[in-house]
Amino acid sequence: MATVVLIHSIYGLRPAVEDAARRLREAGHEVHTPDLFDGRTAETVEEGRAFTEEIGREELLRRAVAASAPLSDQGLVYAGFSLGAALAQTLALADERARGLLLLHGTSDLPEDARAEGLPVQLHVADPDPFEPHDWLSTWYLLMGRTGADVEIYPYPGAGHLYTDPGLPDHDAEAAERTWRVALAFLAETDT
């Protein structure tokens with residue numbers, strides 16, 4: 001069983017995040033879903049951006065750290081959706097005991113001195129994705145590899161950005177099911 005911190009997207013802690021957490025729990029994992037927006041959810045990207053700007057990225061990161069720090073001695077798998085994936089990446093790279101990093105629909109910049117020797121990293125991303133263009137992903141992959149992480153990228157041609165969320169226009173049921181099948185196998189491996 002892996003202990004997973006699953007961080008929501010710019011839309012907030014929507015039913016899709018809770019459904020994902022339930023799916024992971026049913027597979028035997030302990031899953032924590034911090035609410036970085038204090039109960040608010042967005043109906044549009046613009047509304048989510050407004051929440052993010054109002055709270056501030058530094059405060060969002062502080063909230064994510066506060067939610068995961070009490071659990072970190074267990075060796076966490078950090079996971080997230082889009083904005084949440086960017087936060088999860090930052091947390092995982094700062095946690096020497098991290099057991100894995102599961103990125104759904106997003107990545108983030110890497111500090112030049114980042115080290116993640118042997119950290120299993122899996123990225124699931126639409127192809128193409130307007131928020132994760134090919135040139136960015138190529139650079140991210142090379143830089144993440146230089147950290148020592150073991151990186152796998154799974155592209156989903158034709159899917160929309162947040163294709164795992166059935167409540168959004170981007171949803172692609174087939175791509176979402178493939179994502180969860182591969183992600184569950186990944187989590188099972190982090191448990192060994």
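Residue numbers start at 1 and run along the sequence shown.
- The stretch residues 25-34 participates, sequence neighbours left out, in these salt bridge (Lys or Arg N to Asp or Glu O under 4.0 Å) pairs: Arg22-Glu26.
- Here Arg23 pairs with Glu177 under the salt bridge (charged side-chain N to carboxylate O under 4.0 Å, His left out) rule; sequence neighbours left out.
- You'll find the side chain of Leu119 reaches within 4.5 Å of the side chain of Leu101, heavy atoms only.
- Put simply, Val17 and Leu168 are part of the same group of oily side chains (I, L, V, M, F, W, Y) that touch within less than 4.5 Å, one to the next.
- Taking Asp95 as the reference, Tyr78 meet the side-chain hydrogen bond (donor to acceptor under 3.5 Å, both in side chains) condition, with sequence neighbours excluded.
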Legend entry - Working for side-chain contact (heavy atoms from CB on, under 4.5 Å), residues Val121 and Leu102: CA-CA 6 Å; Val121 177; Leu102 176 61; over 6 Å; no
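- Put simply, Val65 and Ile55 are part of the same group of oily side chains (I, L, V, M, F, W, Y) that touch within less than 4.5 Å, one to the next.
- Taking CG of Leu123 as the reference point, atom OH of Tyr141 lies at 11.0 Å (rounded to 0.5 Å).
- Residues meeting the side chain to side chain contact (heavy atoms under 4.5 Å, CB included) test with Ser108, sequence neighbours left out: Ala86, Gln89, Thr90.
- Rounded to the nearest 0.5 Å, atoms CD (Glu54) and OG1 (Thr52) are 9.5 Å apart.
- Looking at Trp136 and Thr107, their side chains do bring a donor and an acceptor atom within 3.5 Å of each other.
- Residues passing the side-chain hydrogen bond (donor to acceptor under 3.5 Å, both in side chains) test with Arg178: none are found, sequence neighbours excluded.
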Inset, instruction - Check step by step if side-chain contact (heavy atoms from CB on, under 4.5 Å) holds for Leu24 and Leu184. - result: CA-CA 7 Å; Leu24 301 182; Leu184 286 169; 3.5 Å; yes
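- At a cut-off of 3.5 Å, with distance as the only test, no side-chain donor of Asp170 or His105 sits close to an acceptor on the other residue.
- The number of heavy-atom neighbours closer than 6.0 Å to CD of Glu152, taken from other residues, nucleotides and ligands shown, is above 12.
- In this structure, Leu76 and Val4 have side chains that are not in contact, with every pair of non-hydrogen atoms separated by 4.5 Å or more.
- With sequence neighbours left out, Arg62 forms a side-chain hydrogen bond (donor to acceptor under 3.5 Å, both in side chains) with Glu59.
- Glu18 pairs by the side-chain hydrogen bond (donor to acceptor under 3.5 Å, both in side chains) definition with nothing, not counting sequence neighbours.
- Within the 4.5 Å cutoff, no side-chain heavy atoms of Leu6 are placed close to those of His32.
- Put simply, the side chain of Leu103 does not reach to within 4.5 Å of the side chain of Phe81, judged on heavy atoms.
- Note: Ile153 CD1 to Glu132 CD = 9.5 Å, rounded to the nearest 0.5 Å.
- Phe51 meets the side chain to side chain contact (heavy atoms under 4.5 Å, CB included) test with Phe37, Arg40, Ala42, Glu47; sequence neighbours excluded.
- Side chain of His8 to backbone of Asp35: no donor-acceptor contact under 3.5 angstrom is found.
- Distance check: Arg57 CZ to Leu83 CG gives 5.5 Å after rounding to the nearest 0.5 Å.
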Inset, instruction - Would you sort out whether Arg97 and Asp73 count as a salt bridge (Lys or Arg N to Asp or Glu O under 4.0 Å), showing the intermediate values? - result: CA-CA 7 Å; Arg97 292 174 290 206; Asp73 63 337; over 6 Å; no
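- Around CZ of Arg115, the count of heavy atoms belonging to other residues, nucleotides or ligands within 6.0 Å exceeds 12.
- Side chains of Asp165 and Tyr11 form no contact here, defined as non-hydrogen atoms less than 4.5 Å apart.
- If you chain together hydrophobic residues whose side chains sit under 4.5 Å apart, Ile10 and Phe131 never meet in one group.
- You'll find the side chain of Val31 reaches within 4.5 Å of the side chain of Thr33, heavy atoms only.
- Under a 4.5 Å side-chain heavy-atom criterion applied to ILVMFWY residues, the cluster that includes Leu142 comprises that residue alone.
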Inset, instruction - Check step by step if side-chain contact (heavy atoms from CB on, under 4.5 Å) holds for Leu93 and Met144. - result: CA-CA 10 Å; Leu93 292 177; Met144 189 61 105; 4.3 Å; yes
Could you list the donor-acceptor pairs under 3.5 angstrom formed between side-chain atoms of residues 154-162 and any protein atom two or more places apart in sequence or on another chain?
from	atom 1	to	atom 2	distance (Å)
Tyr156	OH	His124	ND1	2.8
Tyr156	OH	Thr179	OG1	3.3
His161	ND1	Asp129	OD1	3.0
His161	ND1	Asp129	OD2	2.6
His161	NE2	Ser82	OG	2.8

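- Residues Asp135 and Trp140 are not in side-chain contact: their nearest non-hydrogen atoms beyond the backbone lie 4.5 Å or more apart.
- Leu137 and Val125 get closest at one heavy-atom pair: CD1-CG1, 4.0 Å.
- Listed by first and then second residue, the salt bridge (Lys or Arg N to Asp or Glu O under 4.0 Å) pairs involving residues 139-150 amount to none (not counting sequence neighbours).
- Judged by distance alone, the side chain of Arg99 and the main-chain N or O of Thr190 form a donor-acceptor pair under 3.5 Å.
- The line from CG of Leu110 to CG of Leu143 is 6.0 Å long, rounded to the nearest 0.5 Å.
- Ala64 approaches Ile7 most closely through the heavy-atom pair CB-CD1, 4.3 Å.
- Residue pairs meeting the salt bridge (Lys or Arg N to Asp or Glu O under 4.0 Å) criterion with at least one member in residues 74-94: none, sequence neighbours excluded.
- When side chains are defined from C-beta on, Leu36 counts as touching Leu87, because their heavy atoms get closer than 4.5 Å.
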